[in-house]
Amino acid sequence: MKHTLLAIAAGIVSGMLALASLSGASIAIFYLSLVHPLPLFYAGQSLGVRAAMIASATAVSILSLASLQMGLVFGLLYAVPVWVMIRLCLIGPNGMVWQIAEDQPPHTPEGPNTRSTFADRITGRGVDWGSQEGQPPRDIGWFPAGSILAVVAAVASAYIVALSVMTGGGLEDKVTEALTELSNAFAAPQGETVLQQAVLTLVPYFAGMAAGMWALGLVLNMVIAQGLLAKGGRNIRPTPRLRELTLPDWLSWALVGAALVALIAPGEMEYLGRNIAIVLAVPFFFLGLAVVHKLAAQTPFPGAMLGLMYLVVIFSGWFVLVIAAIGILEQWIGLKKRIKPSA
């Protein structure tokens with residue numbers, strides 16, 4: 001009963017954050033829209049798949065009280081994907097963790113037996129694990145973290161296709177129309193043409209960029225929830241190590257297929273292929289980070305190197321493509337295997 005109430009509370013918080021993000025305050029929209037899935041992940045990753053289902057259903061109910069359409073959109077964009085991600089995440093060596101007993105102690109202690117931190121494990125920091133008092137737990141036997149990334153990217157791609165079908169094969173035209181209206185609403189008369197031109201340059205890539213940001217947001221919320229739970233010793237699953245991330249082979253072929261469609265197909269199919277390729281590149285960005293982290297661990301100052309790299313990623317959008325390209329190379333030729341283990 002206690003876990004059920006906690007799950008309901010998590011769903012209420014998530015739903016209220018989602019409602020607040022639509023309140024009209026620009027700062028609230030920006031920040032709250034980033035973190036409103038976090039309570040759902042927190043409940044699921046600490047209490048089990050059943051709690052995730054209850055929390056997600058509660059959040060949908062909260063949104064539905066305001067508007068049935070809003071509840072439906074929240075369910076499709078957040079509640080169902082979050083539940084699917086948690087369900088996959090909690091498939092372990094002994095089967096899926098549906099729920100945990102309320103008198104069960106902390107599930108996967110990560111702190112007491114080792115000096116390693118969550119940041120060590122998630123960033124793959126160059127730590128000599130053998131010299132520690134205890135080995136950090138591994139996520140061996142659990143559903144691969146890379147496959148969860150691939151599934152999220154596949155769902156985002158399916159949503160793009162669904163939008164194309166719903167618009168009668170005119171998704172690019174709808175995006176152009178929406179961005180034009182948006183630029184007209186915000187541009188001053190003297191700068192209207194310039195802003196329109198700038199906004200319209202996004203049209204060919206907008207659907208993929210939006211879906212990619214949506215997928216990235218879900219993954220980051222999941223990672224943050226795992227970090228908070230690991231810090232308190234309340235996580236069910238051991239924290240995966242970024243340096244050990246791998247992706248399923250089918251994702252490479254899906255990316256190649258989407259790129260080919262973008263190159264040779266006409267009209268709407270070209271638009272779909274191009275934008276689905278962008279979405280499918282998101283997991284390769286994380287794989288590229290795994291390579292970069294492993295490379296940084298070979299240097300005398302890995303923290304400084306990684307900090308500089310993330311600054312470049314934040315302030316230079318094009319560097320994201322470089323990291324994703326490194327991830328694609330890793331998938332095809334195995335860059336990490338060519339890097340000597342850190343001492």
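Along the sequence shown, residues are numbered consecutively beginning with 1. All values derive from a computational prediction rather than experimental measurement. The analysis underlying the following values was restricted to heavy atoms, covering all of them including side chains, and did not include hydrogens, waters or symmetry mates.
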>> Set out, in order, the CA-CA distance, both residues' side-chain angles and the distance that settles side-chain contact (heavy atoms from CB on, under 4.5 Å) for V155 and V84, then state yes or no.
In response: CA-CA 10 Å; V155 171; V84 169; 5.8 Å; no
> Could you walk me through whether V161 and I276 pass the side-chain contact (heavy atoms from CB on, under 4.5 Å) check?
Replying inline: CA-CA 9 Å; V161 174; I276 288 174; 3.7 Å; yes
>> As a quick check of understanding, evaluate side-chain contact (heavy atoms from CB on, under 4.5 Å) for F286 and V219, giving each step before the final call.
In response: CA-CA 10 Å; F286 286 97; V219 172; 3.8 Å; yes
> Between L19 and M70, is a side-chain contact (heavy atoms from CB on, under 4.5 Å) present by the stated rule, with each step listed?
Replying inline: CA-CA 9 Å; L19 282 175; M70 199 181 297; 3.8 Å; yes
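In the displayed structure, F285 atom CZ is contacted under 6.0 Å by more than 12 heavy atoms of other residues, nucleotides or ligands. Counting non-hydrogen atoms of other residues, nucleotides and ligands closer than 6.0 Å to CE of M305 gives a total of 12 or fewer. Counted within 6.0 Å of OH on Y205, heavy atoms from surrounding residues, nucleotides or ligands total 12 or fewer; the atom is thus considered open. The number of heavy atoms from other shown groups lying within 6.0 Å of CE (M16) does not exceed 12. Heavy-atom neighbours of M166 CE from other residues, nucleotides or ligands within 6.0 Å: at or below the threshold of 12. The local environment of CZ in R87 is sparse, with at most 12 non-hydrogen atoms from other residues, nucleotides or ligands closer than 6.0 Å.
P248 approaches G146 most closely through the heavy-atom pair CD-O, 3.9 Å. The two residues I236 and G44 have their closest heavy-atom pair at CD1-O, 4.1 Å. Minimum interatomic distance between S46 and I100 (heavy atoms only, all atoms of both residues): O-CD1, 3.4 Å. Of all heavy-atom pairs between A262 and G273, the closest is CB-C, 3.7 Å. The heavy-atom pair separating A154 from L280 by the smallest distance is N-CD2, 4.5 Å. Residues V282 and G212 share a closest heavy-atom pair of CG2-CA, 4.0 Å.
Without hydrogens or angle criteria, W214 side chain to L77 main chain gives a donor-acceptor distance under 3.5 Å. A donor-acceptor pair under 3.5 Å is absent between the side-chain atoms of S67 and the main chain of S64, judged by distance alone. Of the possible polar contacts, one joining the T176 side chain to the E172 backbone as a donor-acceptor pair under 3.5 Å is found. Using a distance-only test at 3.5 Å, with no hydrogens or angles considered, no donor-acceptor pair links the side chain of Q226 to the main chain of N235. A side-chain donor-acceptor contact under 3.5 Å links N221 to the backbone of L34. A donor-acceptor distance shorter than 3.5 angstrom exists from the side chain of Y271 to the backbone of V203, with no hydrogens or angles considered. Judged purely by atom type and a 3.5 angstrom limit, R237 has no side-chain atom pairing as donor or acceptor with the backbone of Q45. No donor-acceptor pair under 3.5 Å is formed between the side chain of R274 and the backbone N or O of V261. Between the N275 side chain and the P204 main chain, a donor and an acceptor come within less than 3.5 Å of each other. When atom types are taken as modelled, the side chain of Y159 and the backbone of L76 share a donor-acceptor pair closer than 3.5 angstrom.
V49 is not listed as a side-chain neighbour of Q99, based on a closest heavy-atom distance of 4.5 Å or more. E181 has its side chain within reach of E177: a pair of non-hydrogen atoms, C-beta onward, lies under 4.5 Å apart. Residues L17 and P39 have side chains in contact (heavy-atom distance under 4.5 Å, counting atoms from C-beta outward). Two residues are said to be in side-chain contact when any heavy atoms from C-beta on lie closer than 4.5 Å; W142 and P93 meet this criterion. At a threshold of 4.5 Å between non-hydrogen side-chain atoms, the residues V313 and L289 do not count as touching. Looking only at side-chain heavy atoms (C-beta outward), W98 and M53 come within less than 4.5 Å of each other. Within the 4.5 Å cutoff, side-chain heavy atoms of S252 are placed close to those of F284. The shortest distance between side-chain heavy atoms of L218 and P81 falls below 4.5 Å.
In this structure, R50 CZ and M96 CE are separated by 12.5 Å, a value rounded to the nearest 0.5 Å. Taking OH of Y42 as the start and CG of L47 as the end, the distance is 9.0 Å to the nearest 0.5 Å. Here the CG-CG distance, from L287 to L149, works out to 9.5 Å after rounding to the nearest 0.5 Å. Rounded to the nearest 0.5 Å, atoms CZ (R234) and CG (L228) are 13.5 Å apart. One finds the NE2 atom of H3 at 10.5 Å from the CG atom of L5 (value rounded to the nearest 0.5 Å). How far NE2 of H36 is from CG of L40: 9.0 Å, rounded to the nearest 0.5 Å.
A chain of hydrophobic side-chain contacts below 4.5 Å, direct or via other Ile, Leu, Val, Met, Phe, Trp or Tyr residues, connects V82 to V73. Taken together through direct or relayed side-chain contacts under 4.5 Å among Ile, Leu, Val, Met, Phe, Trp and Tyr, V256 and I326 form part of one hydrophobic cluster. L321 and V292 are members of different hydrophobic clusters when ILVMFWY side chains are connected at heavy-atom separations under 4.5 Å. V80 and V151 fall within a single hydrophobic cluster, where Ile, Leu, Val, Met, Phe, Trp and Tyr side chains are chained together by heavy-atom contacts under 4.5 Å.
Taking the six-membered ring for Trp and thresholds of 30 and 60 degrees, W332 and W253 have ring planes more than 60 degrees apart, a perpendicular arrangement.
In summary, of the residues considered (L242, L329, L335), a side chain to side chain contact (heavy atoms under 4.5 Å, CB included) with V291 occurs for L335 alone. Checking each of I333, L255, L247 against I328 for a side chain to side chain contact (heavy atoms under 4.5 Å, CB included) leaves exactly one that passes, namely L255.
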